[in-house]
Each structure stands twice: as structure tokens, then as C-alpha cells.
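First the proteins, then the strands, lettered A, B, ... as listed; each starts at 1. All heavy atoms count here, side chains included; hydrogens, waters and symmetry mates do not.
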Amino acid sequence: MPELPEVEVVRRGLQQWVSGRTIANVDVRHPRAVRRHEAGADDFVRRLAGHRFRCASRRGKYLWLPLAGEDTAVVAHLGMSGQLVLLPSDAPDGPHLRVRMTFDDGGRELRFVDQRTFGGLALAELVPDEAAGHLPAPVRHIARDPLDPAFDDDEFVGRVRARESALKRILLDQTVASGIGNIYADEALWRTRLHGSRVGRTLTRPQVRDLLASVREVMGEALEQGGTSFDSLYVNVNGESGYFERSLHAYGREGEPCDRCGTPIRRVAFMNRSSYFCPRCQRGARGKPSARR
DNA sequence: CATAGATCCTGTATGC
DNA sequence: TGCATACAGGATCTAT
């Protein structure tokens, strides 16, 4: 469940159902799922057994579970198709089960399920971070996400306007602001009436501020509805899907009328993926800036 | 240095 | 029916 709202839904589930529990056994069913754990799958398994999870944290699309009494955390990234689900031990494995963790209380076990194996788990060091307290080493390279209270709006505006590349590319760059993916980038651009091919450098400060407000708005609304799900690939820790798909205005709506002006939504290939936009509301780099008055 | 493109993987949907 | 192709919500490595 890749973007911020979906990952936050998972974090909340982990916070409720996994924090405070002590790991009994870890079973790595596919080595690729722990490829980011440099010391290998055996080391990953050995170092987790007997340790207790303190809580569940998140920045952008990264999740981590700090271990009690240690300066380490299990870092998880769901990639394109990863799921963290809680299931009874006797539930069938399913074809994409990658890692299984049991707990000493005998309750539901935690499973990492990932069809495409772009996601993964690793045990990483928690290192001091001047602003955030502690952060896992693999998370330090990304920026704060827009829902982080300490997110620096001015810095974001400055960085967007310093870029020579397309606005959508900037939104997807996790080192500028983390947590935004293909869906919410398109949705925020639609809400702000900006075209993703606009060059960052050409935007006014108020335009970038509006865009940031739209990002927060759409992510907040999605979170309230449990995230966006098109199919069973994107579920919370209890295997349930969110409802935000119903509220999408642009993403996945090629040919359908724009909810503002009725013009059919267009889809174009961009950065090896799809971008959806309203060709009337969101004027492109070739046309006049839409917010000009 | 900033930026653009290729690549990792498995499954589903679509067209011939 | 079989087969080929396009596409899927992401991040990272490589080349320019």
C-alpha cells in the first residue's frame, strides 16, 4: 500500500496490535524480502528473536518498529505491493508470503506479504537526528513528509522553485517532500489546477503553497477513509481496503468527465508511468499558467 | 551538482 | 485457446 495515507493506516494498525509484543520466531521465506539487511537473512532472524517492539513510527512511506532496550528498529518499506498483515498462525501461507513473525503471547502473527518483492524489511541502527530525535539510518536520506508537524513549508517552496524539472517529478522526489506517490501527486495537481509538466522554477510562491495545501488536504481526506484501494493488494493490517478510490478526481479516470468542468480526463505517459489530468483545468507548460489572472 | 532513464519483480488485463 | 504486450500505487542505481 504505497503512499503516505495507506502506510499511515498500516502504522496505526501496527501501533495497536504489535507494539509491546515480544518476538518469538522469525521466518524469512524469500531472501529478497530482507535484501536491505546487509548481514543476511540468518542474521536478521537471529537478532530479532526475544526482542520486544516498542511502538510503530513512520516518515513518508517508510515504517519502523524500534526494539525495546536497543538502538535498532525493524524498518519496513512496502514498495509497490507489500502488505503487513496480522493473521492467526494457522492461516494459509498464500503464494506471496515473504516473512513471518510469531510472538511469545501466541496471538496473531505478523506477516510481510509482497507480490512484486520491491518492498522489504531490515534491521537498522537508530541514529541521533538533531530535529527528529532518532531515525533509522535507511530513512535519513528522505525529507520530512507534509503531515509532519515539523515540516518546513518555506524550505519546500524554495526547493520546488529552485528546480528546473517538471512539477510532478519534484513531487515524487522523496528528498524534497516524502510520502507523495503517483496517485496523490496527480490528485494534488488537479486540485491546484496545475499541470505536472510545469517547471518548478516557473511557479510563484503562492502557487507552490497552494499545491502543498492540496497535498495535505488530499492525504488527510484519504487517511480519514482508510486510504485508496483498487483491489485486494492494498489493505490494512486486518486485510481491509480503504474507500478513497471513490473520491479520486483524476487518477485512473482517463476519458471520464472532469468533476469541475466536464472535459474528459487525459492520460499521458510520464516518467515511465501514467499521469492523469484535466486538459482544460490544468494548463500545461506549453499554455499559459492556469493561475495567472 | 542535478537530472533523465533503466531496472528490479510478479501478476492482471487486453488485443491479436 | 494461446501468446504477446502494456501496465501496476516505488526506489535505486547508472549515465550524462
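At a threshold of 4.0 angstrom between heavy atoms, the contacts of R267(A) are confined to the sugar-phosphate backbone, with no base atom among them. Y184(A) comes within 4.0 angstrom of nothing in the nucleic acid, heavy atoms only. At a threshold of 4.0 angstrom between heavy atoms, the contacts of R159(A) with the nucleic acid are absent. Contact annotation for Y62(A): backbone-only contact, meaning every heavy-atom pair under 4.0 Å involves sugar-phosphate atoms and none involves a base.
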- request: Check the pair D210(A), T192(A) against side chain to side chain donor-acceptor pair (under 3.5 Å), reporting the backbone distance first and the verdict last.
  value: CA-CA 6 Å; D210(A) 283 352; T192(A) 322; over 6 Å; no

Audit row: F277(A), F270(A), ring-ring contact (aromatic ring centres under 6.0 Å, His included) steps and yes/no: CA-CA 12 Å; F277(A) 63 98; F270(A) 180 72; over 10 Å; no

message: Quick one, D145(A) with R58(A), criterion salt bridge (Lys or Arg N to Asp or Glu O under 4.0 Å). Give me CA distance, side-chain angles, the key distance, then yes/no.
response: CA-CA 9 Å; D145(A) 62 66; R58(A) 180 192 59 73; 3.1 Å; yes

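A side chain to side chain contact (heavy atoms under 4.5 Å, CB included) with S89(A) is found for exactly one of E109(A), R108(A), R100(A), namely E109(A).
Distance CG (L121(A)) to P (dA11(C)): 16 Å, rounded to an integer number of Å. With rounding to whole Å, R35(A) atom CZ is found 10 Å from dT12(C) atom C1'. In this entry the distance linking CD of E8(A) with C1' of dG9(C) reads 17 Å, nearest Å. The nearest whole Å value for the distance from the CD atom in Q83(A) to the C1' atom in dA8(C) is 14 Å. Rounded to whole angstrom, the span from the CE atom of M219(A) across to the P atom of dG9(C) amounts to 15 Å. One atom, CG of D114(A), and another, P of dT10(B), lie 11 Å apart when rounded to the nearest Å. Following rounding to the nearest Å, Q115(A) (CD) and dC7(C) (C1') show an atom-to-atom distance of 12 Å. dT10(B) atom C1' lies 7 Å from atom CZ of R116(A), rounded to whole Å.
Of the candidates dA11(C), dG10(C), dG11(B), the closest approach to any side-chain atom of F118(A) belongs to dG10(C).
Regarding contacts with the backbone of dA11(C), a side-chain N or O of H77(A) is found under 4.0 angstrom from either OP1 or OP2. Side-chain N/O atoms of R273(A) include none lying less than 4.0 angstrom from OP1 or OP2 on dC7(C). Taking only side-chain nitrogens and oxygens, T117(A) never comes nearer than 4.0 Å to OP1 or OP2 of dC8(B). Close to dT12(C), at under 4.0 Å from its OP1 or OP2, lies a side-chain N or O of H141(A). The phosphate of dG10(C) has neither OP1 nor OP2 within less than 4.0 Å of any side-chain N or O from Q174(A).
Atom CD of residue Q83(A) and atom CG of residue L78(A) lie 8.5 Å apart, to the nearest 0.5 angstrom. Distance check: L4(A) CG to R216(A) CZ gives 11.5 Å after rounding to the nearest 0.5 Å.
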query: If you write DNA chain B from 5' to 3' in dot-bracket form, with Watson-Crick or G-U pairs under 3.5 Å, [ ] for crossing pairs and | for pairs with another strand, what do you get?
result: .|||||||.|||||||

For nucleotides 2-6 of chain B, which of its nitrogen or oxygen atoms have a protein nitrogen or oxygen under 3.5 Å away, and what is each distance?
| from | atom 1 | to | atom 2 | distance (Å) |
| --- | --- | --- | --- | --- |
| dT3(B) | OP1 | E164(A) | N | 2.9 |
| dT3(B) | OP2 | R163(A) | NE | 3.2 |
| dT3(B) | OP2 | R163(A) | NH1 | 3.1 |
| dA4(B) | OP2 | R169(A) | NE | 2.9 |

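dA6(B) and dA6(C): their P atoms are spaced 14 Å apart (whole Å). Spacing between dT12(B) and dA11(C) at atom P, rounded to whole Å, works out to 24 Å.
Side-chain atoms of C55(A) and Q15(A), non-hydrogen and from C-beta on, do get closer than 4.5 Å to each other.
R260(A) forms a cation-pi arrangement with W190(A), by the criterion of a distance under 6.0 Å to the ring centre and an angle within 45° of the ring axis.
Residues passing the side-chain hydrogen bond (donor to acceptor under 3.5 Å, both in side chains) test with D105(A) are R21(A), sequence neighbours excluded.
Heavy-atom neighbours of R35(A) CZ from other residues, nucleotides or ligands within 6.0 Å: above the threshold of 12.
Nearest approach of A24(A) to A49(A), heavy atoms of both residues: O-CB, 3.7 Å.
Between F230(A) and dG9(C), no base-stacking contact is recorded for ring centres under 5.5 Å apart and planes less than 30° from parallel.
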